[in-house]
Amino acid sequence: MSEMQPNPQRHSSLPCSRRSFLRGVAVATAATASGALLAACAGEEVVAKADAADLEVGGATILDGWVLSRPGENEYKAFSTSCPHAGGTINSIEKSGDVTVAVCPKHMSKFDVATGDVLEGPSRDPMVPAKKVERNGDSIEITD
Ligand code: FES
């Protein structure tokens with residue numbers, strides 16, 4: 001009977017062979033790249049940023065084609081300034097009692113900035129929301 005010889009290619013004391021490690025790195029790199037590619041293909045990107053300190057609770061502002069509002073301390077909403085009625089540009093924010101309102105000057109539709117809902121026509125449709133709005137440090141980022 002021959003005695004078992006140690007295999008120089010094998011390092012049983014290592015939890016992971018070099019080949020397995022490299023294979024894992026390749027898989028992880030491919031997964032990361034495909035994740036980035038999927039995000040890019042989905043067309044989502046940060047399209048506007050605001051300084052969180054500039055937006056008081058209950059307030060709203062218009063920036064870079066978006067109505068950005070802060071209905072609650074940690075709640076942010078964003079809607080396109082393209083009016084859902086006939087493509088006018090929503091361009092002003094006003095108060096109506098306790099409600100903050102976005103106004104389209106083309107036919108004077110009014111929208112609730114907290115929900116996007118129509119408060120006054122002729123628009124029958126609500127404002128179109130951004131895909132995502134989130135706070136990132138001191139900034140509020142709108143993703144679409
Ligand atoms: S296009 Fe905005 S109210 Fe008509």
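Both ligands and their constituent atoms are indexed starting at 1 by order of listing. No experiment lies behind these values; they were computed from the predicted model shown.
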Trainee: Count the heavy atoms of every other residue, nucleotide or ligand shown that sit under 6.0 Å from CG of Asp138, and state whether that count exceeds 12.
Mentor: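 At most 12 heavy atoms, drawn from other residues, nucleotides or ligands, come within 6.0 Å of this atom.
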
Trainee: Looking at atom 4 (Fe) of ligand 1, which N/O/S atom of His107 is the nearest one?
Mentor: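 So the atom name we want here is ND1.
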
Trainee: Mark up the atoms of ligand 1 that fall under 4.0 Å of a heavy atom belonging to Gly88, in ascending order.
Mentor: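 Numbered from 1, ligand 1 contributes 1 (S).
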
Trainee: Do me a favour and list the nearest non-hydrogen protein atom to atom 3 (S) of ligand 1 with residue, atom name and distance?
Mentor: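 So the nearest neighbour among protein heavy atoms is Ser109 OG, 3.2 Å.
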
Trainee: With side chains defined as the heavy atoms from C-beta onward, is the minimum distance between Ser80 and Trp66 less than 4.5 Å?
Mentor: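 Heavy-atom side-chain distance check passes, below 4.5 Å.
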
Trainee: For Ala52 and Arg70, which heavy atoms make the closest approach, and how far apart are they?
Mentor: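 Looking at all heavy atoms of both residues, the shortest contact is O-NH1, 3.6 Å.
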
Trainee: For atom 4 (Fe) of ligand 1, give me the closest N/O/S atom belonging to His85, just the atom name.
Mentor: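 Relative to atom 4 (Fe) of ligand 1, the closest nitrogen, oxygen or sulfur of His85 carries the name ND1.
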
Trainee: Does Glu94 pair with Lys110 as a salt bridge, N-O distance under 4.0 Å?
Mentor: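 Yes, this pair counts.
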
Trainee: Under 2.8 Å from atom 2 (Fe) of ligand 1, is there any N, O or S atom belonging to Cys104?
Mentor: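 Yes, within the cut-off.
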
Trainee: Number the atoms of ligand 1 from 1 as they appear, then name those within less than 4.0 Å of a heavy atom of Cys83, with their elements.
Mentor: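 What qualifies from ligand 1 is 1 (S), 2 (Fe), 3 (S).
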
Trainee: Counting each atom of ligand 1 from 1 as listed, which ones have a heavy atom of Lys106 under 4.0 Å away?
Mentor: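 Once the distances to Lys106 are compared, the set is 1 (S).
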
Trainee: At a 4.0 Å threshold, what atoms of ligand 1 neighbour a non-hydrogen atom of Ala86?
Mentor: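 Checking each atom against Ala86, I get 1 (S).
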
Trainee: In the structure I gave you, are the side-chain heavy atoms of Val101 and Lys95 within less than 4.5 Å of one another anywhere?
Mentor: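 Not in contact.
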
Trainee: Roughly how far, to the nearest 0.5 Å, is the CG atom of Leu55 from the CG atom of Leu68?
Mentor: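 If we round to the nearest 0.5 Å, Leu68:CG and Leu55:CG are 5.0 Å apart.
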
